[in-house]
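Just so we're clear, the structure is a prediction, and the values are computed from it rather than from any experiment.
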Amino acid sequence: MEIVISIAAKIAEYTVEPVVQCLSYSFYYNSNIQNVKKHVEKLQGARDRVQHSVDAAIRNAEEIEADVNRWLENVDVIIGKAKEVLEDEEKAKMRCSKAAYLKLRHQQSKKAKKIVQDIDEVLTNGSFKEVSFRPASQGTMTTIYGDSMTFKSRMSVLEGLIDALGDPSIYVIGVWGMPGVGKTTFVRELAKQVKKKKSFNEVAIAEVTQSLDLRRIQGELADMLGLKLSDMETIRGRANRLNDRLTKHNKVLVILDDIWEKLDLEAVGIPSKGCKVVVTSRNQDVLSCEMGTQKDFGLDVLPVEEAWDLFEKMGGEFVIDSNLRRTATEVAKECAGLPLALVTVSKALKNKSLYEWKDALQLLRRPAPGHLTKMQSTIYSSIELSYNHLESQEAQFFLLLCSQMGNSIEFLDLLKYSYGLSIFSGVNTLEEARNRLYRLVRNLRDSCLLLDCCHSCEHFHMHDVVRDVAILIASKHHNMIMVGDGGEVKEWPDVDELRRCTAFSLFGGDVHELPDEMECPELKLFYVDGGNHSLQIADTFFEGMGKLKVLDLTEMKISSLPSSLHLLRNLRTLCLDGCVLGDIAIIGELKNLEILSLLGSEVSQLPREIGLLTRIRLLDLSNCSKLEVIPPNVLSSLVQLEALYMGNSFVQWENGGLNTDRTNASLTELKYLSHLITLEIHIRDASVMPKDLLFEKLERYRIFVGDAWVWSDKHETSRELKLKLNTSLQFESGIKMLLNDIEHLCLDELKGVKSVLYELDRKGFQQLKHLHLQNNAEIKHIINSRVLVTNDIVFPALETFSLKNMINLEEICHDKLPSTSFRNLRVVKVEQCDRLKFVFSSSIAEGLSQLQELEIRECSFLGAIVIKEEGEIEDYIIVFPQLRLLVLERLPKLMSFLSTPNSFITDAEEIISEKSLDLRMPILHEKVVFPNLDVLRLSLIDMEEIQHNHHWARSSCKSTNIQADKRFQNLSFLEVQGSGSLKYLLSSSTARYMVNIKHLHIKECKVMEEILLIEEEEEIFPEALFPRLECLFLEDLPILKSFCIERNAKFPLLKTISMKNCPKLKTFAFRHASANMDVRKGLMETNLEENPDHITLQSPTDEAVVVANLESLEQSLIDLEEKQQNQHWARSFCKLTNMQTSIRFQNLSYLGVWGSDSFKYLLSCSIARSMVQLKNLHIVNCKVMEEILFAEDLGEEEEEEEEEEEEIIPKMLFPRLEGLMLNDLPVLKRFCIGSNIEFPSLKQLNINQCPKLKTFISRPANSDKTITFCKEVKEMNSEEIHWNAIQPLFSEEVAFPSLEDLAISYVDDLKIIWHNQFAPDSFCKLQKINVRFCENLMNIFQSNMLTKFRSLKMLTITDCGSLREVFDLQGQNAKETHDVTVIPLKELHLQRVPKFKYVWNKDPQGIFEFPNLKINIPSYGSLLPDSVPSG
């Protein structure tokens, strides 16, 4: 019974309940619909409330929470469904039948109930406390010159900084640079890059500025990190919260931009090690000293190419306008690579006219004080801010003083000026002034307001824009006047300006006379650069300059100084540098003078009156090479002298004391200069040196003794001594005491010394930086450690070590040294040390971690560079991590770079080998690694006879224990010269890793057949050989056959090829019919002539080689077999089959060809058309060359096709060619055959020893056509062509609109250079004509053509035996309008013209006028008209 009941219940569950539920949808239809309406209204209200909050958050730049956005989307979907139900209910009432309506009511009621349930659920989830959040600020990552970051100079620094950020030991990094150089752009690009690479999860940037505001800095960082800081919190409280945020979240980069002074990172809230920090500043000292940066990166101005690219990008399409481009280039140059200036100027001039560009150029060159444009103010304000922020008024005035001193500033000049002007407070002596000066210079350098000079540590300069700003400030606030800087002197300052001025600088190369008097009562500094002219100075000139303290008259010819000079009672510094001086005795009346400089002046005798200047502290006689007399006791009278400079000057020292009878100065006088601290002197005769001369007070000196030394103005150190003595050094006690602190020491022919270290300085030369020893026959060891009395390291500061002609030197170091000796050594040079067996022991070599240059030359007994000491392990490896340059030349006994004593030295002192079957080329020893080697030069290093086989490269170059890419990965320059044993230079296994080779030079290798040996196992060789190779030089390789055996070798960056004296080089890369290794092996092992079927004989620049970027091609032409010596050679030499010509020579800028006895033609027209970048074309010593350019004989079909496309001889020939030389071409008849051809850019044309050249361009055989084919060339060459008149060298068929310099010599058949007619504007820029040894030349100019030469300035005619006149004016008549043509010719020179009769064969009066002409005709003075001056 229970089972029946259970079954009945289940039946009811599955049948009755669904029926009831189904009936309920219909029964409660109205209720469900009304319920939907009420819920929708409630949901709509809730949605509106949330939407209002969302809108308010968006207006507040906040991000909407994701769940809020999803809720709103869900609500919109539900409301949409509800509206559909309600709309369907209304439609059903109007359209449906009753049965259908009942069915629809059921369906809609069911949907309505579901919607109500969904609304209840979404309302429950719609209670949000917050609908939004404030995102972390991303900052503005764009700047006005962000494009500068794409440049190579910037990206290299950026990559270095990113690498530093990856160093776990570095936390604080600095970036410094001058104002406007782009530091902000740089660090914002850094932020982009690290986020893109996901190196950091977050980047926070804050601008610090000179007005330090911690609260603002904290706020900027917090905004970018999404951290809310309350304004009510204290700075300390905000710092704690910011610190917590940065510490708890890993991989955060903080960038603090534009720091001016020390910023306490902890006070800001930046943890010391919780995150990485990058700071930028204009002042490097602020970064390294005050901020404690662990690594700094400097940003320099942009190089010229990148500066122009940025200027061009910012300026838009102005560069397309050829009229603007030249001026725009000059404007960009004035910006001097400063991005701020480049962008500001370029944008300001965008879409402006030419006159506005020219005006801007003038303003940039000579800014007008008080009248700055907005463009200038934008640039200058940033730099003026740095000036205002300098530490003191002293520093500010010092910067302004630097701006008055020209483009190059020398430290010593600054010392002379600043001491004379007394600008340093609390300074009494010259030495104190020097110390203050060093500090100020360093501060200005750190602030990037002064820049280092690349060639001297004693010179520096100012960026052009910085100097402009400083000059403006000096003029506006300190009444400093500068006249003629950067241009000619156009006007003199007015009287009021002169009365106010405190400094007056005249850069007046074109000024020959000064006013009689200048009323300048406030003037303290007066500087004149006379430009080597005789500048007249009136005797009254200095009467109005009573306060003058510094007078500098540079590069002037002064016969005598004006008498008013003695009125300058306050004068402290007098500089007469680079002058030709006469009587200067009046200087003795300047009793307060403290600095006297005659540097580089031409003066033979120093006046005795100089001895009256007892207050002199500095006397500079440097480079007074003609100074022969210094009166006795003048120097000893200068008792206050602190600095004496006499380098490359007076050398006529005499023996004797003060009271002896002398006619010249004596070195004994120096003993009385008790304050002398600085001395530069050259004593050629060591015998005149007093034995008791002591230099105990000298702090800086350059003393050269002996005739072995050439004086140089280059200062590498402050204490330098060069000695060549006739006696033992032990007797020169005054000199010997200087060795204690010596920094630069050179010794020549030193007697009585066998060990330098032990006998000269037992302390180990602790401060010596440079050591050079030469011509010493007694020295056997530099260091003999067995007799050292100290265990201290030796030569710890030595940077440069040089040995030359040390004929008995056996070892540099005898026995072992402390491992840290030579730890700072950077350069080693050893030359002509014939008994030296090795250079370094392995223990010393291990410590040479700083070695950068190693040069070993002409050591006839040298067997190894490094000798392995006893006890070293077998797998011993030496690494020279910093070596950049390695030179090994003329080392006949060199067996290996690294060896053991027993392997090459026997009792008989002959070199042998323990493993003669396993030799290695010395430099390629697998036990020696040069990971950063950049330059490698090998000369006359031959292997033993056993290596003289063609497999040498395979056995000697292939690395075994160390991969080649580790040893030569950075090599960029390889030169091999003078080998008599190497058939191949490199194996392919080594060459494949030399990916950075840029220069490859191979010279004088007598048996070299191939440069690159493709090894048998090299089945796959890289298509691009030496992918970075730019220059290839092959010279004097008598049996070289090819570069390598390879198909379609590519040199993608090759720019220069030079091939000289390689007579067997018939193809650059052998091409083989099959890629099968058997064929390749056969080519290697069989002589060229025996395998003609597998070789394509081509020119050395064949189509198997791709050099798409070639810029320079020099080639000594190879004379091929007789079958190739025909006029179609150019077709086989230059015509391409597999690729377009334009791809191969599109970048060629230089082509030089010489030395052929077989080629009649040089280039085909198809090649010539592609050389659109060619700038220089030199063709020399080609004995049978008849024509430079010829057109191919293409056949009838190709000929018709060519005629349709373009003429074969292009009208615009070599559009960028600037220089053309045709030299020693004995049968050359013409350049080419053509019509109306123009050389638009040619500036220099030199035609020499071309005796058969009659006309430069010949007309085609068919004058109606402009196309010329080889068959026409044949016809013209085979037939004697007679012209109705003598043909000129230059006819109307050729035009030279840009030619400036024309030289013609040894052209025997030349009778006239040009005729009455030639192309319009041809020769209009010609300035100089030189004609020599043209025996048949009759005249230079004919009839009315003279008016065409509008720029001609100089005409020189020499050794022209038939010349009768220069100007043929027959047919010219005086003009009735009296409108005479002015000819600009300035100089006419004629020599050895035996038949010469007239300058012009008709009086030019009324026709031409030569107002500036000077004529130089030796022995022909009577032929000159009275109106023309003779030279």
Side-chain angles (χ1 to χ4, degrees), residues 141-166 173-194 196-197 255 257-258 278-284 287 293 295-315 319 328-329 331-347 379 382-383 445-455 460-466 884 932 934 970 972-973 996 998-999 1027-1028 1030 1053 1055 1109 1111:
M141 294 299 180
T142 59
T143 65
I144 59 173
Y145 44 98
D147 282 340
S148 66
M149 279 310 306
T150 62
F151 296 128
K152 182 179 179 180
S153 64
R154 288 294 190 261
M155 292 308 296
S156 61
V157 180
L158 184 66
E159 291 168 1
L161 199 155
I162 292 175
D163 290 342
L165 287 172
I173 300 173
V175 176
W176 60 278
M178 66 178 294
V181 81
K183 299 181 293 296
T184 298
T185 299
F186 181 81
V187 293
R188 293 185 182 275
E189 180 65 23
L190 170 67
K192 287 182 181 179
Q193 293 293 331
V194 297
K196 181 179 179 180
K197 295 180 179 181
I255 298 175
D257 189 22
D258 197 18
V278 174
V279 291
T280 76
S281 179
R282 303 179 178 197
N283 194 323
Q284 186 183 12
L287 298 178
T293 52
K295 193 166 187 178
D296 292 335
F297 293 86
L299 284 186
D300 204 350
V301 295
L302 296 175
V304 175
E305 297 82 4
E306 295 180 358
W308 172 252
D309 288 344
L310 177 61
F311 193 79
E312 192 176 21
K313 287 179 182 178
M314 294 295 103
V319 292
T329 304
V331 170
K333 188 185 299 182
E334 291 301 318
C335 296
L338 189 66
L340 173 63
L342 289 163
V343 172
T344 302
V345 172
S346 185
K347 286 190 172 182
I379 301 169
S382 176
I383 297 169
R445 278 173 169 165
D446 288 342
S447 301
C448 300
L449 296 175
L450 285 182
L451 304 175
D452 287 323
C453 183
C454 60
H455 62 269
F460 36 89
H461 68 282
M462 303 177 76
H463 187 277
D464 291 348
V465 179
V466 173
R884 302 290 195 275
N932 288 296
D934 181 46
N970 290 306
S972 69
F973 185 102
N996 287 303
K998 293 183 178 179
H999 296 263
R1028 290 179 175 84
E1030 296 179 1
L1053 298 181
K1055 296 178 180 179
N1109 289 291
E1111 294 180 0

Not counting sequence neighbours, which residues clear side-chain contact (heavy atoms from CB on, under 4.5 Å) with Asp446? List them please.
Asn283, Gln284, Asp285, Arg442

Run the numbers on Arg884 and Ser972 for side-chain hydrogen bond (donor to acceptor under 3.5 Å, both in side chains), then give the verdict.
CA-CA 10 Å; Arg884 302 290 195 275; Ser972 69; over 6 Å; no

Taking every non-hydrogen atom, the tightest pair across Leu302 and Ser153:
CD2-OG, 3.8 Å

Quick check: closest heavy atoms across Thr280 and Leu287, and the distance to 0.1 Å?
C-CD2, 4.3 Å

When you compare the side chain of Phe186 with that of Val175, does any pair of heavy atoms fall below 4.5 Å?
yes

Those residues that, when tested against Asp309, pass side-chain hydrogen bond (donor to acceptor under 3.5 Å, both in side chains) (two or more places apart):
none

Contact between Phe297 and Leu158 at the side-chain level, heavy atoms closer than 4.5 Å - yes or no?
no

Short question: side chain of Ser346, backbone of Val343 - any donor-acceptor pair under 3.5 Å?
no

Using side-chain heavy atoms (C-beta onward) and a distance below 4.5 Å, is Leu449 in contact with Met462?
no

Check Val278, Ile173, Thr185 against Leu190 for a side chain to side chain contact (heavy atoms under 4.5 Å, CB included) and give me the one that passes.
Val278

Do Arg154 and Pro339 come close enough that some side-chain heavy atom pair is under 4.5 Å?
yes

By side-chain contact (heavy atoms from CB on, under 4.5 Å), Asn996 pairs with (sequence neighbours left out) Asn970, Arg1028

If I take atom CD from residue Glu305 and atom CG from residue Leu310, how far apart are they, to the nearest 0.5 angstrom?
13.5 Å

Are Phe460 and Arg445 side-chain neighbours, meaning at least one heavy-atom pair lies under 4.5 Å?
yes

Kindly write out the residues that satisfy side-chain contact (heavy atoms from CB on, under 4.5 Å) with Leu451, not counting sequence neighbours, or none if the list is empty.
His461, His463

Just so I know, are the side chains of Phe311 and Thr329 near enough to count as touching, which here means a heavy-atom distance under 4.5 Å?
no

Minimal heavy-atom distance between Thr293 and Gly174, with the atoms involved, is CG2-N, 3.7 Å

List the atom of Val345, the atom of Cys335, and the distance in Å for their closest heavy-atom pair.
CG2-SG, 3.9 Å

Is any side-chain heavy atom of Val301 closer than 4.5 Å to a side-chain heavy atom of Met178?
yes

NZ-CZ distance between Lys183 and Arg188, expressed to the nearest 0.5 angstrom:
13.0 Å

Determine whether Ser382 and Leu340 satisfy the following criterion, side chain to side chain contact (heavy atoms under 4.5 Å, CB included), listing intermediate values before the conclusion.
CA-CA 9 Å; Ser382 176; Leu340 173 63; 4.0 Å; yes

Nearest 0.5 Å, what's the NZ-CG distance between Lys197 and Leu165?
10.5 Å

For Phe973, give me all partners under ring-ring contact (aromatic ring centres under 6.0 Å, His included), at least two apart in sequence or on another chain.
His999, His1001

Least distance between heavy atoms, Pro179 atom then Ile383 atom
CB-CG1, 4.1 Å

Determine the minimum heavy-atom distance between Gly337 and Ala307, stating which atoms define it.
CA-CB, 4.0 Å

